[in-house]
Every structure is written in structure tokens, then in C-alpha cells.
Amino acid sequence: MERETIDKSHSPQEISRHWYRFWEESGFFHADAASQRPPFSIVVPPPTNAGESFHVGHAFALTLQDVVVRWKRMCGFDVHCLPGLDHAVISAQTAVERQLAREGLRKEDIGRKAFQSRVSKWANESGGAILSRLRAMGYSLDWTRFDHDATISRSVREAFVSLHAAGLVYRDNGVVNWCSQCGTALSDLDVDSSETESGRLWFVRYLVADGDKRESIVVATTHPETILGDTAVAVHPADARHRGLVGRDVTLPVLERRIPVVADSAVDKDFGTGAVRVTPAHDPKDFLIARHLGLPCVNVMDERGILNENAGPYRGMDRLEARRGVVARLEQEGLLVSAIPRQISISRCRRCRAIVEPRLSLQWFVKTRALAEPAIVAMEEERVTFIPESWRKTSIEWMRNARDWCVSRQLYWGQRIPAWTCMACKTLIVAREDPARCPDCGAVNDILQDPDVLDTWFSSALSPYSSMGWPDKTADFARYYPNDVLMATPDAISWVSRMIMMGLRCVGDVPCRKVFVNGLARDERREKESNARGDAIDPLDLIEKHGADTLRFTLTALAAPGADPSPGEARLLGHRAFVNKLWNASRFVLLNLDGEIARPEELAGELSLPSRWILSLLQKVIARVQQSLQGYRFDLVAHELYHFVWRELCDWYIEMSKSLLAEGATAAKTRRVLIDVLDATLRLLHPVIPFVTEELWQKLPHDGASIMTAPFPLADASRVDDPAETEMGRLKQLIAGVRAIRSLYEVEPRKKIGVTVIARNRDDREFVERHRSPVLCLARVGRLDVVSANTERPHTIRHLAGDLELRIPMAGLFDIAAEMTRLSKERLMTASAIETLRKRLDNPQFVARARPEIVVEHRERWGALTTRMEKTEETLRELTGGRQSDGSVSLPEE
RNA sequence: AGGCGCGUGGCUCAGUGGUAGAGCGCUUCCUUGACACGGAAGAGGUCGGUGGUUCAAUUCCACCCGCGCCUACCA
């Protein structure tokens with residue numbers, strides 16, 4: 001048979017590109033709605049196309065997702081998993097506005113149409129960068145179904161119109177988060193309010209109008225410039241200090257406007273002076289008070305954050321300029337009582353980082369509470385389950401507290417709101433199709449569409465079914481909805497919550513049955529990965545340096561529930577070494593295939609101990625890996641396979657196979673076992689490290705076109721062989737025991753030594769004889785004797801390897817004092833272990849109340865330790881005798 | 001302030017009501033034909049603190065301390 005050659009190490013870049021193209025061109029990623037196989041579908045949380053592309057957090061969630069996808073596919077499922085990419089309307093628009101600014105232009109200068117085509121171009125480039133990273137990571141996504149614009153806009157209209165008809169979407173004036181740099185409203189989730197800055201709390205005196213000059217009320221404010229928009233001063237109705245002023249007017253400083261003093265229970269009596277200025281256009285709470293009491297609203301700022309005509313002398317200034325002006329004026333007029341330093345929390349736009357201020361404007365809102373109720377019920381009834389479970393509570397909590405969601409954005413780029421106004425009769429029309437005429441007055445002209453677009457998350461929330469062609473009744477939708485699972489990062493939990501609300505409302509079922517939430521990716525400084533900070537790690541750099549398999553294996557191994565992975569350099573190197581180890585184990589197998597190879601059915605006959613042992617172990621590994629995958633314990637999957645490959649297959653089986661391959665009697669079967677075990681191992685590893693496993697699998701004798709369509713291994717109970725595992729355990733202990741003594745006495749690694757085993761009985765003797773060959777080879781023993789207890793020679797190194805007693809005569813000198821120190825330490829350790837057990841066994845309560853098998857186990861352990869103790873003490877006595885004669889002992893050369 | 005989570009060897013993390021584990025790092029020795037991205041052997045932890053439940057607590061409970069994430073408030 002002609003076999004491929006294999007290098008000493010592999011080149012991840014080349015094989016990755018090669019195999020990804022092969023998989024994609026072979027159509028292995030496609031879902032097939034006509035398939036007879038059971039369906040399995042996954043919702044992809046779309047990476048935001050925000051120009052910063054794709055960070056480690058995405059790589060983390062998507063890697064775990066691809067592990068599931070590949071595993072399910074190998075288990076025979078027809079898997080539906082599409083690449084996702086959301087519009088990120090603000091980011092896209094901001095990026096293009098910056099480009100324009102460099103050309104000295106504003107979006108208004110080039111017009112909506114031209115602007116949109118520029119954003120579209122930008123989004124394609126930026127999106128392309130993300131999509132190429134998804135490929136580089138090896139994600140097996142169905143690219144043939146990736147079509148993110150055409151159907152989405154129909155889905156969005158359908159959802160919006162039906163929600164509006166049900167009264168769950170409405171248009172109203174409201175105080176919303178306003179980003180004056182982006183020039184748009186933002187939802188609560190678009191705002192980052194974690195930052196504080198040093199500011200001041202100013203105390204300002206408002207004089208009572210028509211009153212005594214001494215009558216006044218003092219209010220506190222952190223934003224003095226907005227007093228220009230005050231329309232009242234509010235106090236608590238039960239506050240005795242101010243009761244007399246309620247109903248009277250005060251004079252607004254600077255503008256000299258008369259405003260009333262009102263009572264409202266929303267005021268906190270204990271804060272500041274207990275009197276609060278009411279600025280309905282710039283504070284959500286004040287807005288509610290004003291609405292309640294019928295107070296006017298005065299907006300003093302335009303959409304760019306510049307003070308407007310309502311600001312009197314400060315018109316045209318920005319906020320800080322106006323603030324300085326107002327403060328100076330108040331000081332001049334003696335109305336500034338005091339100013340104390342204070343940390344003020346500031347809100348920033350998550351996209352452009354500009355400071356966000358509340359501002360009154362006409363917007364579209366989604367009634368979150370009403371949508372949340374059925375979603376909360378669905379979670380409580382476990383129609384959606386969370387992994388880890390605790391996220392359910394977080395999601396419910398989020399839904400309970402969510403305020404109405406502002407979904408309109410004053411942008412040029414994004415899904416236009418399907419609402420029109422008839423200029424003739426002012427009727428508001430919300431419709432699926434562009435209206436040709438006004439349904440009210442019949443006008444055909446001057447029906448203007450709302451200029452606003454929808455929040456990115458509005459359409460993203462629909463993606464679990466919009467991507468399947470909803471609202472059309474497509475075969476995909478019928479087959480793959482609801483999705484089986486959604487795999488998300490923790491910061492997407494509010495997005496997931498909205499998705500569940502929208503799914504239940506729009507299509508009447510949850511978007512997915514399970515939500516898996518992974519840990520939060522951190523950088524090497526253990527800080528949260530952040531796009532906004534701009535120094536996030538680009539997974540592409542890691543891939544180029546270490547290979548996608550290494551990155552994937554690292555992320556998988558770090559995916560312990562609740563743990564926050566940080567794929568630092570050292571960690572990646574450790575896992576890269578594993579990939580290399582696997583490569584070289586495969587190389588060993590490939591280089592040893594010349595010669596007869598037993599047919600699979602021949603393994604049913606007699607087999608060597610190591611072969612029985614590794615096959616038995618493999619079954620257990622398969623079972624544990626399956627179980628871990630089912631429980632989303634990706635960390636355990638990685639650790640299990642790491643340990644099996646390195647610590648069992650390589651360290652023991654491959655080592656022992658060397659002598660088995662050298663003997664005619666065992667060689668053919670050993671080749672078969674090596675191939676079978678490696679083949680199964682590669683298939684087990686394929687979901688985690690797809691590229692290298694494909695490369696190796698293709699080089700090995702194999703059936704089928706690709707490892708990714710090969711069946712995932714199933715445990716074969718008939719191969720489980722506990723006696724073989726026990727026997728192998730004893731053998732490993734014997735070899736390790738000799739090695740430990742060699743190392744302790746710094747025996748030259750090349751030098752062969754002699755070992756005598758003290759056989760207690762026939763069983764011990766036969767055991768050693770049976771395994772003479774691996775002991776000679778793996779422990780570098782030149783001569784192995786088995787003697788009865790009465791033939792032991794004094795003054796040799798004595799060692800207990802498990803239950804076997806070894807005597808190792810050392811060539812040359814050995815230090816009695818050192819040997820005694822070692823044994824004394826061992827005696828001490830053993831004594832303390834015996835003491836602990838003795839105490840328990842002497843306690844009548846323990847014997848009476850502990851489970852009987854525990855008591856038995858304690859007795860057995862106590863017995864074994866006592867025997868060990870006796871041996872150790874015996875040796876110490878012998879050594880003491882030896883020292884009495886000459887202080888050290890010279891032993892004959894072996 | 002509230003919700004959730006986390007505190008186990010130098011680092012990152014598993015785990016368990018009854019002998020404390022892994023990977024990386026560290027120490028010593030070794031280029032022996034799969035692999036120096038390697039091999040062999042080691043060192044290293046009173047499992048955050050205090051109480052409680054129990055024959056027995058790193059594990060269960062309570063409180064405390066420290067850290068993280070999220071939400072809210074901040075005139």
C-alpha cells in the first residue's frame with residue numbers, strides 16, 4: 001500500500017484552508033430540509049458588524065457552538081446552523097460619518113440614498129472581515145442559507161405591524177437617552193452608565209415671586225445649564241419645610257420665568273434641600289411629574305447637544321459653555337448658595353462613547369412588560385431552559401425590570417420603520433406594504449414615510465425565524481423552528497430575553513429550547529474583553545500564530561461553567577503542544593503500518609494485555625465524552641481527551657506497542673488496535689479540533705469522504721475489561737516504582753539495572769514473569785529476578801511498588817543516611833495516615849453510624865498501611881545494622 | 001442598593017460528606033529512531049474567615065470578608 005509521508009510537525013495554516021474549502025465545496029455544512037435524519041438547529045447570536053470585527057468572546061461562544069454542531073452532525077443529525085451578522089446601525093453609520101468628515105462632508109450634504117450606498121459598501125467590507133474569521137476558525141456554518149437582508153426586511157415589517165396592531169408598539173413623546181454625536185435616540189441597553197466623573201452639586205436659590213425678598217427656595221443640581229428648561233420646583237407633600245410655598249410661584253433665575261412650586265411624592269425629602277427643580281424635557285422622572293401635573297415641557301437643546309432658542313442668551317453654546325455661563329450669572333446675582341464636589345455618574349453611548357443625556361423627543365416604543373409576561377411564564381414552565389440554570393433567574397429579573405424599549409433611531413442606515421403620515425389629513429399609517437393612498441382621506445400624494453430606522457436589536461431579535469424565511473411558511477421554518485439551542489455570551493442575556501419575548505409574540509413559540517451561556521472572555525490582564533476600548537485581541541492573530549485548532553482546543557478546555565477564560569500565550573502554547581503530540585502519535589502509527597494488519601474481527605480473539613487495556617479505557621473515554629457533551633461540559637471533554645491521548649495512549653500504549661510490534665505473534669493485531677484507537681480518538685476530537693483531525697484521519701486507513709461525516713464513536717460495552725485494567729494498573733506501578741528509585745539515585749538513564757521482586761506467592765511470581773518484557777524495556781532493567789521472601793539480600797534499595805516489594809542492588813555506593821532520611825519521612829507520613837484512620841475506627845460513633853462499606857474500606861486501608869509501615873520499619877532496622885558495621889555499603893556491580 | 005456568580009498549590013481552573021486533582025509554571029536528570037511543542041522523577045495546598053449541622057465538612061447551612069458580572073439609583 002502506498003502511504004503518504006508525514007512531517008515531524010504540522011502546518012496549521014495550509015491544512016486549515018485546504019480542508020475548509022473541501023468541506024464547503026462538498027456541501028457538508030448544508031442543512032437539508034428534505035432529509036430523513038432528525039433535525040437539530042442552533043440560533044447564532046450574530047456578531048455585531050461594528051467595525052471592530054470579531055473578538056475572543058465571539059470566538060469562545062462560537063467555538064463551543066461548533067463543537068456541538070459537529071458532534072451532532074457526526075451523531076447523525078441534520079444540523080441547521082447559519083452564519084449571523086447584525087446590522088449594527090449606529091456603528092456602521094458612525095464609521096461612515098467619520099469617513100465623510102475627513103472629506104469635509106456631512107451626511108446631509110450627500111443625501112440619504114448616497115449615504116446608504118456608502119454604508120452598504122462599508123458594511124460589506126467590515127462584514128466580510130468577520131465572515132472570513134468565521135471560516136478561519138473552522139465553523140461549519142451553512143453558507144448557502146446566508147442571506148441577511150432580503151427576507152429580514154419582510155420579517156421586520158411583519159413583526160412591527162402586528163405588534164403595532166396589538167398595541168404593543170406605540171409612538172409617543174418621551175425622555176430618551178440621546179446621543180448628540182450620533183444624533184439619535186438610544187435604548188437603555190445602548191448606554192453604558194458605569195463611569196463617574198468629578199463634578200459638583202450646585203445649590204441654587206430660586207426667589208419667590210411677588211413675595212418678600214427673603215422668601216426663597218434652594219434646589220440642588222449637577223447640571224446648572226438645564227435650569228433654563230425648568231418648568232416647576234417640586235417638594236414632597238409631607239415636607240413641613242416647604243409646605244407654605246406649594247402653590248406659589250418662584251422666579252427662574254437668568255430667564256426670569258415664573259414657575260410654580262408643586263408637591264409630588266416622587267421627591268426624596270432627605271436629598272439636598274428636599275426641593276427639586278423639574279425639567280421635564282431633560283429628565284425622565286421630571287417628565288413623569290410634569291405629565292402627571294400637566295406642566296409644560298421646555299426643551300433647551302437641539303439634536304446636536306447645542307442650546308436652542310429656549311436657552312435665551314446661551315443659545316448656540318454647547319453644554320459646558322452654557323454651564324459656565326449660567327454658573328457665572330448665578331454667582332453674579334448672588335443666587336448661587338454653594339457648590340460641593342461630587343462624583344457624578346455619566347452615561348456614554350456604547351458605540352461612539354459620547355456622553356448621553358436624557359432628551360424629550362417623539363419616538364417609537366415597544367411595550368416590554370406586556371411582552372415579558374408570557375416569556376416569564378415560558379421560562380418558569382421550563383419551555384426554555386438555561387445552562388447553567390442560574391441564568392434563568394437573571395433573564396426573568398431582566399424582563400421584570402425592563403422599561404419600554406425605544407426602538408426608533410434617527411439614522412439613515414437600517415430597517416426603515418413601516419409607518420407613514422398622510423400630510424393631507426395627518427393620519428398615521430402603519431402597514432406591511434408601502435401605502436399607495438391614504439386609507440382615511442384617500443390622498444395619493446404626500447404620504448411620507450417615517451424617516452427613522454429601527455434599532456438593530458429589533459431585527460436581531462427576530463433572527464431565529466427571520467433567517468428561516470418567516471413570515472412565509474417555509475420548509476425550513478416548519479422543520480427547524482423552534483431551534484434546539486442558543487449559545488450565548490453573558491452580555492447577550494438581555495438580547496436573548498428580548499428574543500424569547502418576540503418569538504413567543506410573533507410566531508407563538510419560544511425561539512429555542514435551551515440557552516447555553518458561557519463565561520466571559522477576558523484578556524491577559526483578566527479584564528473584560530471590550531470592543532470599545534479598542535485593544536481587544538483579534539482571534540485572527542492567535543490563529544496565525546498558533547493555528548485555529550490550538551485556539552479552539554484552548555477555548556474548549558477553559559469552558560468550565562462560570563469560569564471566565566483568558567486564552568493567554570502560555571495557555572495556548574500548552575494546548576499547541578497537545579496538537580503536536582497528537583500529530584506525532586499519529587505519525588508513529590503511520591510509520592509502523594508496514595506489515596500485516598489484522599482485520600477488525602480478529603480482535604475478538606486473544607489479545608495482549610496492553611491492547612485489552614487500551615480498548616477498555618477507550619470505551620470509558622467514549623462514554624464520558626458523550627456524557628460531557630450532553631451536559632455542555634466542554635472543559636471535561638477537552639481534559640478527558642487530553643489525558644487519554646497523552647497520559648495513556650502515548651505514555652503507555654504506544655510505548656508498550658513498540659515491543660509488541662517487534663514480535664511476529666502480536667504485531668498484526670497491535671497495528672489494528674493502534675489504527676482503531678487512533679481513529680476513534682480522532683473522531684472524538686474532531687468537533688474540537690477539526691482541521692488537524694481531518695488531516696490525520698485522511699492519512700490513516702479510513703472509510704468515507706471526511707471525518708466530519710464519519711460517525712461519532714459509540715462505547716462498546718463488550719470491550720470493557722476490568723481485569724485488564726487492574727492488571728495494567730499493577731504493571732504501571734511496578735515500572736513506575738523502578739523508575740522512581742532510578743531517578744532518586746540518579747542512575748544514568750542509559751544504564752540498565754537489576755531488580756529483584758520479592759514474591760509473596762505464586763500469583764506475584766506469575767505476574768512478574770508474564771510482564772517481564774515491558775518491565776525490562778520501560779524501566780530499563782537488565783536483569784529481573786523473582787525470589788521468595790527468604791532469599792532477599794540485605795543492603796539493597798528496598799521499595800514498595802503498590803503491593804509488590806522490590807529490591808534494587810545499586811552499582812557502586814549508596815548513602816545509608818540519605819536512604820534513612822527517605823524512609824523516615826515515609827514512616828512519618830504513613831504513621832500520620834494510620835493515626836487518622838485509627839482515631840476514626842476507635843470512635844464507636846463512627847463504627848455505628850457510618851455506612852458499613854465506609855467502615856470496611858477504612859479497615860482495609862488501615863491494614864494495608866500497617867503492612868507498609870512494618871516493611872518500612874524493617875528496612876530501617878536493617879540499615880541501622882548496616883551502618884553499625886561500616887557506615888556505608890558497597891554493592892557488587894550488576 | 002438589589003440580583004447572580006466566584007474565592008482550592010506560583011497562575012488558570014476541575015472536583016468531592018470519608019485518601020486533595022489537572023494543565024501551565026518551577027526543580028533535578030536525559031537529545032534513546034513518533035514527538036525537546038519531547039521523556040523520567042520531584043517539590044509545592046491548614047481548599048477566603050468564623051460559627052452551625054454531622055460519627056465525619058474543602059464539600060451542606062448561616063453570617064462575614066474579598067473579587068467579578070448585571071440591573072437600578074444618584075435633583
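Using a 4.0 Å heavy-atom distance criterion, A:Leu636 is classed as a sugar-phosphate-only contact. No engagement by A:Lys269 is indicated, since no non-hydrogen atom pair under 4.0 Å with the nucleic acid exists. At the heavy-atom level, A:Arg400 lies nowhere under 4.0 Å from the strands shown. Residue contacts shown for A:Arg587 are limited to sugar-phosphate atoms, with no base heavy atom under 4.0 Å away.
Contact check on A:Glu857 versus A:Arg840 returns no salt bridge, with no Lys/Arg side-chain nitrogen under 4.0 Å from an Asp/Glu carboxylate oxygen.
The CZ-P distance, from A:Phe578 to B:G38, rounds to 12 Å in whole Å. Look at CZ on A:Arg851: it is 14 Å from P on B:C55, rounded to the nearest Å. Atom pair A:Arg624:CZ and B:G15:C1' shows a separation of 14 Å (rounding to whole Å applied). Look at NZ on A:Lys825: it is 10 Å from C1' on B:G42, rounded to the nearest Å. Following rounding to the nearest Å, A:Leu744 (CG) and B:G42 (C1') show an atom-to-atom distance of 9 Å. Protein atom CZ of A:Arg750 is 15 Å distant from nucleotide atom C1' of B:A40, rounded to whole Å.
Between A:Lys393 and A:Arg780, it is A:Lys393 whose nearest contact on RNA chain B lies nearer the 5' terminus.
Using cut-offs of 30° and 60° for the angle between ring planes, the A:Tyr642 and A:His575 rings count as perpendicular.
Using modelled atom types, one finds no donor on one side chain facing an acceptor on the other under 3.5 Å when comparing A:Ser566 with A:Arg571. A side-chain donor from one of A:Thr221 and A:Arg277 sits under 3.5 Å from a side-chain acceptor of the other.
Taking 3.5 Å as the limit, the base of B:A34 and the side chain of A:Glu655 contain a donor-acceptor pair of atoms between them. Judged by distance alone with a 3.5 Å cut-off, a donor-acceptor contact links the side chain of A:Ser345 to the base of B:C74.
Across every strand in view, B:A1 sits in a pair with B:U71 that passes the Watson-Crick or G-U test at under 3.5 angstrom.
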